Amino acid sequence: MIKPTVFVTRVIPAKGLEMVREVCEVILWEDELPPPYDVLRSEAARTDGLLCLLSDRIDAALIQASPNLRVVSQMAVGFDNIDVTAATAAGIPVGHTPGVLTDTTADFAFALLMAAARRTGEGERLVHAGQWRTWGPTLLMGQDVHGATLGIVGMGRIGQAVARRARGFDMRVIYYDEFDVQLPAGISAERSSLEELYAESDFISLHTPLTPNTHHLINATALKQMKPSCVLVNTARGPVVDPKALYAALANGEIAYAALDVTEPEPIPPDDPLLTLDNCLIVPHIASSSIATRTRMAVMSAENLIAGLKGERLPYCANPQVYGT
Ligand code: DGY
């Protein structure tokens, strides 16, 4: 029997790749960097399925130029890089990996929050530079996490998981979400307006998807409403924060610290002014990167891909309307 052909746009954890290889002819892009758009487009045009990542642009032009494409499966929960409307119009289901990375990402948001609060990056740089001279009474004084107010923007799965962790630190949690959210028992958090959240939070953690409404949500106006001691954590998507406004706010002391897993653009260029600031901690979009979670994400994306190729409903579908239900 002829196997379907799929383009896998990066080397994913082996368990997922093996599942795909069992049922497909795999064209694998082995470079660490994403395939150039032209390559992605020409491979999509001759394959039955795509297994892609958030750094691959799957736009309307690519979808319309791919007559054989039956499924797009993304190894990520977010899918703002994919024109889902165009995929739906072409009858192509889009898979993603919700749920599986919730706790791993929430763990990491908390790791960033604590690292920024207690200035661990600066401490490590100081020690590595041979500048630890003695126990200093005022050395690298940071901010207490326990008892502080945490503002969560976007109270979906990951926002709620961060709120659960905050309980262990006796934090007061307030949240903003544009939708009504039914909070499960065990999460105690008060809904607030964005303005109240900016004004009252000692820590603000972003967990909203990137949409036209949330693009540069954190802009100069928002930053000016935050406390000068505020720590901003972003594990959502880079463009939710206006990077120029963030630089100005950090450099002028309008807020105290930012801890970013995601940036605009990604990767952040080495000459970006944010990299000159001691009060800005930046890591390379690794919040979901535990061995177990990345393996589960690869397996889920393989399951979605294989289901789509068989004409079955994707187990984790970003555009269920493609099925007319
Ligand atoms: C996602 O899945 O959307 C994360 O940003 C990467 O794990």
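The structure presented is a predicted model; accordingly, all values stated were derived computationally and were not measured. Atoms within each ligand, like the ligands themselves, are counted from 1 in listed order.
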Worked check of salt bridge (Lys or Arg N to Asp or Glu O under 4.0 Å) between Asp278 and Arg119: CA-CA 9 Å; Asp278 275 337; Arg119 306 175 65 180; over 6 Å; no

Is Gln143 reaching over with its side chain to a backbone N or O of Ser229, donor-acceptor style, under 3.5 angstrom? yes

Pull out every atom of ligand 1 sitting under 4.0 Å from any heavy atom of Met297, numbered as shown with elements. 7 (O)

Are Arg191 and Asp177 within salt-bridge range, i.e. N to O under 4.0 Å? no

Between Asp103 and Arg165, is there a salt bridge with N-O shorter than 4.0 Å? yes

For Leu54, the ligand 1 atoms whose distance to one of its heavy atoms is below 4.0 Å: 5 (O), 6 (C)

Is there a polar contact between ligand 1 and Ala76, counting only N or O atoms under 3.5 Å apart? no

What protein heavy atom is closest to atom 3 (O) of ligand 1, reported as residue, atom name and distance in Å? Arg237 NH2, 2.7 Å

Hydrogens and angles aside, do Arg237 and Thr214 bring a side-chain donor and acceptor to less than 3.5 Å of each other? no

Polar side-chain atom of Gln160 near backbone of Met155 as donor-acceptor pair, under 3.5 Å: yes

What atoms in ligand 1 come closer than 4.0 Å to a heavy atom of Ser288? 6 (C), 7 (O)

Suppose I only count heavy atoms of His285 and a 4.0 Å limit; which atoms of ligand 1 are within that range? 4 (C), 5 (O), 6 (C)

Do Thr97 and ligand 1 have an N or O pair less than 3.5 Å apart? no

Residue of the set Val94, Leu51, Asn304, Leu314 for which side-chain contact (heavy atoms from CB on, under 4.5 Å) holds with Val71: Leu314

What atoms of ligand 1 come within less than 4.0 Å of a heavy atom belonging to Leu101? 2 (O), 7 (O)

among protein heavy atoms, the one nearest atom 2 (O) of ligand 1 is Val77 N, 2.7 Å

Near Gly78 (heavy-atom distance under 4.0 Å), the atoms of ligand 1 are 1 (C), 2 (O), 3 (O)

